[in-house]
*Asks:* 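Structure below; questions to follow.
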Protein chains: 2
Amino acid sequence: MQYAPDVATPEPAPEARSLRGRSAAHVAERIRERILSGELPPGERLSERSLTEGLGVTRTPLREAFKILETEGLLAIVPNRGAQVVELSPADVDMAMELLAGLESVAAELACARGTDEQFAEVARLHARMVACQRAGDLVGYFRVNQDIHQNIVDCADNPALSRVYRTESARVRLYRFAGNRVSARWSRAVMEHEQILLALQQRQGPLLRELLRAHHLNGWRVTRRVLENELQPDL
Amino acid sequence: MQYAPDVATPEPAPEARSLRGRSAAHVAERIRERILSGELPPGERLSERSLTEGLGVTRTPLREAFKILETEGLLAIVPNRGAQVVELSPADVDMAMELLAGLESVAAELACARGTDEQFAEVARLHARMVACQRAGDLVGYFRVNQDIHQNIVDCADNPALSRVYRTESARVRLYRFAGNRVSARWSRAVMEHEQILLALQQRQGPLLRELLRAHHLNGWRVTRRVLENELQPDL
DNA sequence: GCGACGATGTTTGCATGCAATACGCGCCCG
DNA sequence: CGGGCGCGTATTGCATGCAAACATCGTCGC
């Protein structure tokens, strides 16, 4: 790698060309993936040494990536004690879910007013894939497609700022929401709710879509919260 | 606390104690202030050299601060060409205003449901100060208090995530919104709208407050957009 | 025996150094 | 006379070095 092949190597590698100037962003992306996948769980302390070795960069771009992820709300940096993955209390997730539900209600009416039929068709395709995942019992795939559907609905509002905020805030709580999908009763009902949501979107019924999304969020979060608070055991 | 009042405090200075570990955040705050005050206008290129000299830090924390501000949407960092203050097109501001209006509508109902009378009283105090600024012709003071009022209303929703997002997104467009307040006809009408908003809040009429805020935003932004597009000359 | 203290290795925070890229400017050629 | 090219300088991107803070553990005093 970059371990000083001394002379005669102007190019670092034929494949990884010119990452210069994007190092921190690249490292942040890698760490973000690991956090969102659960590989780096909430509370995990991130040592600069191990990450630099694992990612093949030095501490400077790594520390810049930490600042990015801290601003996104994924890391907490404690002075002189390094970075750790943010741990959210049920109350924190509660607040975040309220925000996400609010963002989706705002998006709902805009999406019905401005979304293109092509965008709606894409949501419908995702919906079909989600149903397929459910049938196949593929919980992870289901959850990922589910997230994609909600992001796509928000994107239908055709407001980049709204989409960006929704994406960032959604990422913050992704791990916590996953818990609620591990309950079979909720799973089948969520799919039915999605059917209605898709219909309302395609028929451009803004106020209805708004209420459906709000209710969908509320229902899902009610179950998830009980799981997080250990009042309900996942059965999947 | 952790300031070890033990013995012989080896603190370098009584005033600037232990900034270690907070350098980047401190620098980011300073630069943020300069951007929001207009001292660093949109498009301005930020040279590392001049900023390090002006702020008394080295390039490492400064570059970390750049990453923070980039993530907040205040700076754009072009690889190998440094950082510059983000320049928003009227369309960008349009999208941002739509988002802010949406966040306020979400906050409206929550604020009416959960806000305390003390919080409402604070909004009322700010409103009085705003009116005083208007009477005194203090445009800058008026604008600042105006921002405070809107932030306070959002804060009444008692949702930290919502407050944080509103604050960040509001900051991104602060400079652009200011233009619209430089029109006298809009100024007096905005104050009237605020009277109604305050009343609806105090009477906890969520849906009404929601609509009033939406209309208030729409009215304000309509004027501001015309100023930004040079179709309307400020008369203040 | 127990707790506080201190030595030492580890980790973080920031300064500095080096290499790569961008930029300004004069020159050459058309 | 204008445009492209090359060179020198400035600036950025990242690696490394050094000092402060932390942590771990052994020792000492009580």
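The sequence lines fix the lettering, A, B, ..., with proteins before strands; numbering per chain opens at 1.
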*Asks:* Between atom CZ in B/R22 and atom C1' in D/dA20, what is the gap in whole Å?
*Replies:*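 It is 14 Å, rounded to the nearest whole Å.
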
*Asks:* When the distance from CZ of B/R49 to P of D/dG13 is rounded to whole Å, what number comes out?
*Replies:*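 It is 15 Å, rounded to the nearest whole Å.
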
*Asks:* Just jot down the salt bridge (charged side-chain N to carboxylate O under 4.0 Å, His left out) partners of A/R114, sequence neighbours excluded, or say none.
*Replies:*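 By the salt bridge (charged side-chain N to carboxylate O under 4.0 Å, His left out) rule, A/R114 matches B/E98.
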
*Asks:* Sorted by first residue and then second, give each side chain to side chain donor-acceptor pair (under 3.5 Å) pair with at least one member in residues 66-77 of chain B; sequence neighbours left out.
*Replies:*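 For residues 66-77 of chain B, and leaving out neighbouring residues, the side chain to side chain donor-acceptor pair (under 3.5 Å) pairs sorted by first residue read B/R32-B/E72.
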
*Asks:* Which side-chain N or O atoms in residues 75-90 of chain B pair as donor and acceptor under 3.5 Å with protein atoms at least two apart or in another chain?
*Replies:*
residue : atom : partner : partner atom : Å
B/N80   : OD1  : A/R20   : NE           : 2.9
B/S89   : OG   : B/A91   : N            : 3.4
B/S89   : OG   : B/D92   : N            : 3.1
B/S89   : OG   : B/D92   : OD2          : 3.1

*Asks:* Does a side-chain N or O from A/S23 land closer than 4.0 Å to OP1 or OP2 of D/dC14, or not?
*Replies:*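 For D/dC14, OP1 or OP2 has a side-chain N or O of A/S23 closer than 4.0 Å.
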
*Asks:* In this structure, how many angstroms lie between the C1' atom of D/dA10 and the CZ atom of B/R81, rounded?
*Replies:*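 So the CZ-C1' distance, B/R81 to D/dA10, works out to 15 Å.
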
*Asks:* If you count the non-hydrogen atoms of other residues, nucleotides and ligands that lie under 6.0 Å from CZ in B/R174, is the total more than 12?
*Replies:*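 Atom CZ in B/R174 is packed in, count exceeds 12.
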
*Asks:* Taking atom P of C/dG13 as reference, at what distance in whole Å does atom CG of A/L46 sit?
*Replies:*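 Distance, rounded to whole Å: 13 Å.
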
*Asks:* How many angstroms lie between atom CG of B/D155 and atom CD of B/E122, to the nearest 0.5 angstrom?
*Replies:*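 Separation between the atoms: 10.5 Å.
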
*Asks:* Whole Å only: how far is the CD1 atom of B/I77 from the P atom of D/dG13?
*Replies:*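 Those two atoms, CD1 and P, are 7 Å apart.
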
*Asks:* Looking at D/dA23, C/dC23, D/dT12, which one has an atom nearest to any side-chain atom of B/E48?
*Replies:*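 Out of D/dA23, C/dC23, D/dT12, the nucleotide with an atom closest to B/E48's side chain is D/dT12.
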
*Asks:* Over how many whole Å does the gap from A/L51 atom CG to C/dT11 atom P extend?
*Replies:*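 So the two atoms are 12 Å apart, to the nearest Å.
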
*Asks:* A/N80 side chain: which of D/dT11, C/dT11, C/dG13 is closest?
*Replies:*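 Looking only at side-chain atoms, A/N80 lies closest to C/dG13.
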
*Asks:* Send over the distance from B/E53 CD to D/dA10 C1', rounded to a whole Å.
*Replies:*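 Spelled out: CD on B/E53 to C1' on D/dA10 is 13 Å.
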
*Asks:* Between B/R45 and B/G56, which is nearer to the 5' end of DNA chain C once each is assigned its nearest nucleotide?
*Replies:*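 Checking each residue's closest nucleotide, the 5'-ward one belongs to B/G56.
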
*Asks:* Holding to side chain to side chain contact (heavy atoms under 4.5 Å, CB included), I want the full list of residues that pass it with A/E39, two or more places apart in sequence or in another chain.
*Replies:*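 Partners of A/E39 by the side chain to side chain contact (heavy atoms under 4.5 Å, CB included) criterion, ordered by chain and then number, come out as A/R34, A/S37.
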
*Asks:* Any residue in residues 59-70 of chain B with a heavy atom nearer than 4.0 angstrom to DNA chain D? Just list them by number, or reply none.
*Replies:*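 Residues of residues 59-70 of chain B under 4.0 Å from DNA chain D: B/R59, B/R63.
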
*Asks:* List for me each residue that meets salt bridge (charged side-chain N to carboxylate O under 4.0 Å, His left out) alongside B/R214, sequence neighbours excluded, and say none if there are none.
*Replies:*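 B/R214: salt bridge (charged side-chain N to carboxylate O under 4.0 Å, His left out) contacts with B/E211.
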
*Asks:* Report the nucleotide, chosen from C/dT12, D/dT12, D/dC14, that has the shortest atom-to-atom distance to any side-chain atom of B/R20.
*Replies:*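 Among C/dT12, D/dT12, D/dC14, the one nearest the side chain of B/R20 is C/dT12.
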
